[in-house]
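Report on one structure; see the data block that follows.
On a predicted model such as this, the values are computed, not experimentally measured, just so you know. Lettering of chains follows the sequences in order, A, B, ..., and the numbering in each one begins at 1.
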Number of protein chains: 2
Amino acid sequence: MLPSSTVENYLKAIYVGETQLANGQKLVPMGQLASVLGIAPGTATTMVKALAESGLAVYEPYNGVRLTSAGEKLAARVLRRHRLMELFLVQVMGMRWDEVHDDAEQLEHVVSDRLVERIDEMLGHPEADPHGDPIPTAEGKLAERPLDTLLTCPLHTPVTVARVTDQDAAFLRFIESHHLKPGQTIEVEARDEVSDAVRLKGRDDARMTIGARAASKLLVKAS
Amino acid sequence: MLPSSTVENYLKAIYVGETQLANGQKLVPMGQLASVLGIAPGTATTMVKALAESGLAVYEPYNGVRLTSAGEKLAARVLRRHRLMELFLVQVMGMRWDEVHDDAEQLEHVVSDRLVERIDEMLGHPEADPHGDPIPTAEGKLAERPLDTLLTCPLHTPVTVARVTDQDAAFLRFIESHHLKPGQTIEVEARDEVSDAVRLKGRDDARMTIGARAASKLLVKAS
DNA sequence: GAACCGATTTTGATTAATCAAAATTAAATC
DNA sequence: GATTTAATTTTGATTAATCAAAATCGGTTC
Ligand SMILES: [Mn+2]
Ligand SMILES: [Mn+2]
Ligand SMILES: [Mn+2]
Ligand SMILES: [Mn+2]
C-alpha cells in the first residue's frame with residue numbers, strides 16, 4: 001500500500017517533531033502533532049494507532065509517538081520532495097521564497113521519483129532549501145547541524161544566517177526586506193531580557209531591533 | 001467548496017467525453033464514464049447524481065450526463081493544467097512524451113494558479129500539448145479543430161500529423177521511432193479494408209504499414 | 001491522600017468514495 | 001406483444017479521515 005497524502009503529512013510532522021525535541025526526549029506528544037496538523041486531538045490518537053498498526057510508528061499511550069525506521073524512511077522522502085520542490089519553485093520558476101511553502105505542501109505528495117531526481121540533478125544536488133532547511137538525500141539521510149539562534153550566538157561577532165524556521169509569508173518578507181536571508185552576515189549588538197528585544201547590525205551597518213520570539217527563529221553559524 | 005481530485009477527474013472525463021460524441025449526441029453514457037475512470041458503473045451513477053446536485057452537471061437517468069457551464073468551466077481548467085504540465089515536463093524538464101501523462105494526471109489537481117500561469121508564460125502561451133491536444137485558455141475556451149484521421153484523409157497527398165489520441169507509452173514510442181510525431185509530414189499511399197491496414201510514406205520516403213485501429217489514432221491536417 | 005487540571009483517549013457520528021451483487025429498465029429480437 | 005439482453009440503477013456494505021463532546025488518566029497542588 002502506498003501511503004495516502006494524509007499519512008505522509010502525519011509521518012512528516014512526526015519526523016520534524018522528533019528533530020525538535022529537547023535532548024533526551026524521544027516521543028512527540030499527541031497534542032503537538034494535532035496542533036501542527038490542524039486536527040482534533042482525538043483524530044491524532046486514532047491515526048497514530050493506525051500508523052503503529054502498519055509498522056510505521058511506535059505509539060506509547062499518554063506519552064507520544066516516534067517513527068520506526070520504515071516510517072523514518074518514508075518521512076524523509078516526503079521531506080526531501082517538499083524541500084526540493086521549494087527550491088525548484090524559487091530557482092527555476094522564479095517564485096518568491098515566501099510563497100512556495102503552500103505549493104510544496106501539495107506537490108510533495110504527487111511528484112514522481114523520476115521528476116524529483118531530475119529536479120535534484122537540475123539544481124546540482126542542493127543541500128538546503130530556500131529557507132536553509134536541509135534536504136534529505138535520496139537515501140533518506142538528513143544532515144541536521146546544531147546551530148545557534150540569535151538568542152544564543154556570541155555578541156559582537158559576525159555570524160551568517162543559515163536558516164529561518166518559520167514559513168509565515170509576512171515574516172519571510174520582513175526577513176528579506178531587512179537583508180536577513182540565509183547567507184547574509186550580521187552581528188548581534190545587544191540583548192535585553194527586560195524589553196524582550198535583540199539589537200542587530202545588518203548589511204551596510206544598518207541597525208535594527210527585533211523581538212526575542214522573532215530572534216529565536218533565525219539560526220546562524222559563525223562566519 | 002473546492003472540488004476534490006475525484007470530482008475533477010469526473011468533470012474532465014465528462015468534458016472530454018462530450019467532445020468525442022457523435023454529432024447530435026449530447027450526453028455521455030454512464031458506462032463510458034465508468035470505463036474511462038476505471039470505476040464500477042454504480043459508482044459513476046452515484047457520483048454523477050452528486051455532481052448534478054451541486055450544479056456541475058445535468059443527469060438524465062438511463063441516458064447519460066453532460067456538464068453545466070459551471071462544470072465546463074472547472075473541467076476546462078483541469079484539462080488546461082493537465083496539458084500545460086505535460087508540455088512543461090517535456091520542454092523544460094526534458095522528460096519523454098510517453099512518460100508525462102501519468103505525472104500530469106496527478107499534478108493537474110495540485111498546481112496552483114500562480115504556478116500554472118508562470119508555466120504558461122514560460123512556454124509562450126502554447127496552443128497544444130506534446131501529443132497535439134489543444135490547451136484550453138485561462139478563460140476556459142477550448143479550440144477543438146475538426147481533423148481527419150489517417151483513415152479519412154485524402155490519398156497520395158502530403159499531410160501533417162497534428163495529434164495522437166492515445167496515451168499508451170508503447171504506442172507513443174512506436175509513433176516516435178517511426179517519425180510520426182505531431183509536426184511531421186507523411187502521405188497515405190493505400191488503404192485496404194480486407195487486411196485492415198494502411199500503407200504510409202513517411203520521412204525519407206520510408207514505407208510502413210499500420211493497422212486501421214492505430215491509423216485512426218493519428219489525426220492529420222493538410223500540409 | 002484528596003482534589004484538581006490539562007492532556008489524552010474513547011465514544012458516537014458524519015462525509016466522501018468506493019465495490020459487489022441484486023434489481024430494474026430500455027431497447028432489440030423474435 | 002412477449003422475451004431476451006445489455007446497460008443502468010439500487011441496495012447494502014466497507015474504508016479512510018475527520019469532529020465534538022464525554023470520559024479518563026497522570027501529574028501537580030493543597
Ligand atoms: Mn503536505
Ligand atoms: Mn522550507
Ligand atoms: Mn487526474
Ligand atoms: Mn496529452
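Between the C1' atom of D:dC25 and the CD atom of A:E60 lies a distance of 16 Å, rounded to the nearest Å. For the pair A:M47 CE and D:dT18 P, the interatomic distance rounds to 7 Å; values are reported in whole Å. Spacing between atom NZ of A:K49 and atom P of C:dT11 amounts to 8 Å, rounded to whole angstrom units. Atom CG in A:L37 sits about 15 Å away from atom C1' in D:dC19, given to the nearest Å. Between the CE atom of A:M1 and the P atom of D:dA17 there is a distance of 13 Å, rounded to whole Å. Rounded to whole angstrom, the span from the CD atom of A:Q32 across to the C1' atom of C:dG6 amounts to 16 Å. Look at CD on A:E8: it is 15 Å from C1' on D:dA17, rounded to the nearest Å. In this structure, the CD atom of B:E53 is 12 Å from the P atom of C:dA16, given to the nearest Å.
The 12-atom threshold is not exceeded at CD of B:E53, counting heavy atoms of other residues, nucleotides or ligands nearer than 6.0 Å. For A:E117, the CD atom sits in a packed shell: over 12 heavy atoms of surrounding residues, nucleotides or ligands are nearer than 6.0 Å.
Looking at the side chain of A:S4, the nearest of the listed nucleotides C:dC19, D:dA17, C:dT10 is D:dA17. The A:T45 side chain lies nearest to C:dT8 when the options are C:dT8, D:dT9, C:dA17. Minimum atom distance to the side chain of A:V7 is reached by D:dA17, of the listed D:dA17, D:dT8, C:dT9. Candidate nucleotides C:dA17, D:dT18, C:dC19 were compared by shortest atom distance to the side chain of B:I39, and C:dC19 ranks first. Closest to the side chain of A:Y62, from the set C:dT8, C:dA17, D:dT10, is C:dT8. Side-chain proximity of B:Y59 to D:dA17, C:dT8, D:dT8: nearest is D:dT8. Of the candidate nucleotides D:dT18, D:dT8, C:dT9, D:dT8 has the atom lying nearest to any side-chain atom of B:M30.
Electrostatic pairing of A:R163 and A:E144 counts as a salt bridge here, judged by a charged N lying under 4.0 Å from a carboxylate O. Look at B:R81 and B:E8 and you find a salt bridge, because one of the NZ, NE, NH1 or NH2 atoms lies within 4.0 Å of a carboxylate O, short of that distance.
Across all strands, A:T43 comes closer than 4.0 Å to base atoms (heavy-atom distances). Looking at heavy-atom distances under 4.0 Å, B:G31 makes contact with sugar-phosphate atoms alone, never a base.
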Exercise for the section: Give the intermediate values and the outcome of salt bridge (charged side-chain N to carboxylate O under 4.0 Å, His left out) for residues B:E108 and B:K12. Expected result: CA-CA 11 Å; B:E108 65 186 2; B:K12 182 161 63 93; 3.4 Å; yes
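Each of A:P41 and A:N63 was assigned the nucleotide of DNA chain D with the nearest heavy atom; the assignment lying further toward the 5' end belongs to A:P41.
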